[in-house]
Amino acid sequence: MAEYNITLMPFSRRFVCRDNETILAAALRQGINLRYGCRQGGCGTCKALAVAGDLDQSDASTFALMDFERDQGYALLCSAYPLSDVTLELADYDLSELDEAVGQIREYQAVVRDVAFVTHDIVDVQLALVEPASMNFTAGQYVEGLVPQTNEWRAYSMANPPSQSGVLEFLVKLIPDGLASSYVGNKLKLGEHVTISGPYGRFHLRKEPRPALFVAGGAGLAPILSILREMAETRDPRPSIFFYGARRRRDLFFLDELYGFENRLPDFRFVPALSETAPDDEWEGDTGLITDVVARKVPDASGWQSYLCGSGPMIDAALPVLERSGIGLRNCFYDKFLSRAESISLGGATGR
Ligand code: FES
C-alpha cells in the first residue's frame, strides 16, 4: 500500500493519505476538519481545488463535479484517491474551522433498546451503545448504521443531547421500499445487535450567541431536537425560534416537549405549521409551506443565524427566503436529508 502527503494551502497543513482511502477519510481520521456533507460524491460540499498532484476521481459524479470543474482541477475529496503527493488550495477556509474539534470517528456495537412509532411513518429508535459504551459527539451530528444482512450503510442524526452519550435516539422516516427504513419498520427487534459508525457531520449550533432561527420538516426534527435539548440543559440565553413544518396534524409529534422548551429556555418560541390541513385536523395554528410561514413571521432577521434540516427541496426553498430576511448565506447552516431517489439522481449513494 502506498502513502502520499496531502498539503493544505494556504495553511501548509500536511497529512498522510493511503492510496486506498479518500482524501476526506484520511483527513477526518487524522482530526482535520475538512468540509463535507453526503460523503458519497453526491452533494458537492467537499469540492476543493487541487493545484498539484494526481488524483483518481473515477467515482465522482458528473452532477456534483462537472466536466469543466474537473478540467480546472477541482476534486470531490470524499471520492478522490491520491495517485501522488497532492496540494489542495482551501481558499475560503480559516484555520480555526480546519482545527475545530470533531469527535473521533469509529465503529460502535449497539443493542436496540426501544422501537416506537411516533407517527404513522416515523419510528423513534433508541440504541444502547455496548462497545465502546459511549460516544462523544456534537448536537446536530449523525451516524451511519449498517443495514442488517447487507453491506449498505444509512445515515441518521442523533435526536438525543450529547450528555446522553450511552443511549442514542434516532427518528427514522419510513420510505416505501427504503432498504433501511423497511427493515426498521418491519423487522427491527428489541435486543437486536447493530453496528454503527460515527459521529459524522458539521451541522451544529455556532458558539457565538447570535439569535437562532431553526427550520425543520418531518424527521429533520432529529438534529434540531438534539440541539434544543442541549440548549435547554445549559439554559442557552440566545433568542431562538423553531419553525416546524408537517403536512397534516397526524404528522406532528413530540409537541409537548417542543412547546415545553418555551418554559425551559429563556427566550424561545415554537411555531408548528401544516401545509395540507383538512377539517378533521381541527388545526388553529399556522398553515402553508414552512418557508412561507417563516417569510410571513420573520420579515427581518438581520443579525440572526439559521439552522435548517429537512429535504433538499425544503432547504433550497428556504435559503432565498432567509436571504431576503437579511440572513446572509454564510450564516445559514443546513443538513440536507437526501432520499435514496434524490441521491441516485445526484449520482451518489447516500439515502436513509
Ligand atoms: Fe463529497 Fe458530498 S461530501 S460530494
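Start at 1 and go down the list; that is how both ligands and their atoms are numbered. What's counted below: heavy atoms across the whole structure, side chains too, no hydrogens, waters or symmetry copies.
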TODO: State whether the number of non-hydrogen atoms from other residues, nucleotides or ligands found under 6.0 Å of Arg296 atom CZ is greater than 12.
DONE: yes
Open item on the list: Can you name the atoms of ligand 1, numbered from 1 with element, that are less than 4.0 Å from a heavy atom of Cys78?
Closed with: 1 (Fe), 3 (S), 4 (S)
Open item on the list: Tell me whether ligand 1 is touched by Ala64 - counting only heavy atoms on the residue side and a distance under 4.0 Å.
Closed with: no
Open item on the list: Going by salt bridge (Lys or Arg N to Asp or Glu O under 4.0 Å), Asp121 matches just one of Arg248, Lys173, Arg250. Which one?
Closed with: Lys173
TODO: Within a distance under 4.0 Å of any heavy atom of Cys46, pick out the atoms of ligand 1 and give their elements.
DONE: 1 (Fe), 3 (S), 4 (S)
Open item on the list: Can you confirm if the aromatic rings of Tyr259 and Phe270 lie within a centre distance of less than 6.0 Å?
Closed with: yes
Open item on the list: Starting from atom 2 (Fe) of ligand 1, what is the nearest protein heavy atom, named by residue and atom, and what distance separates them?
Closed with: Cys43 SG, 2.3 Å
Task: Check: Ala64 main-chain N/O paired with Lys47 side-chain donor or acceptor under 3.5 Å - done: yes
TODO: For Gly41, counting its heavy atoms only, list the atoms of ligand 1 lying under 4.0 Å from any of them.
DONE: 4 (S)
TODO: Show which atoms of ligand 1 fall inside a sub-4.0 Å distance from at least one heavy-atom site of Arg39.
DONE: 2 (Fe), 3 (S)
Open item on the list: So does Leu188 get a backbone contact from the side chain of Asn186, meaning a donor-acceptor N/O pair under 3.5 Å?
Closed with: no
TODO: Under 4.0 Å from a heavy atom of Gly44: give me the atoms of ligand 1 that qualify, with their elements.
DONE: 2 (Fe), 4 (S)
- [ ] Measure from NZ or CZ of Arg269 to the centre of the six-membered ring of Phe242 and say whether it is under 6.0 Å with the direction within 45° of the ring axis.
- [x] no
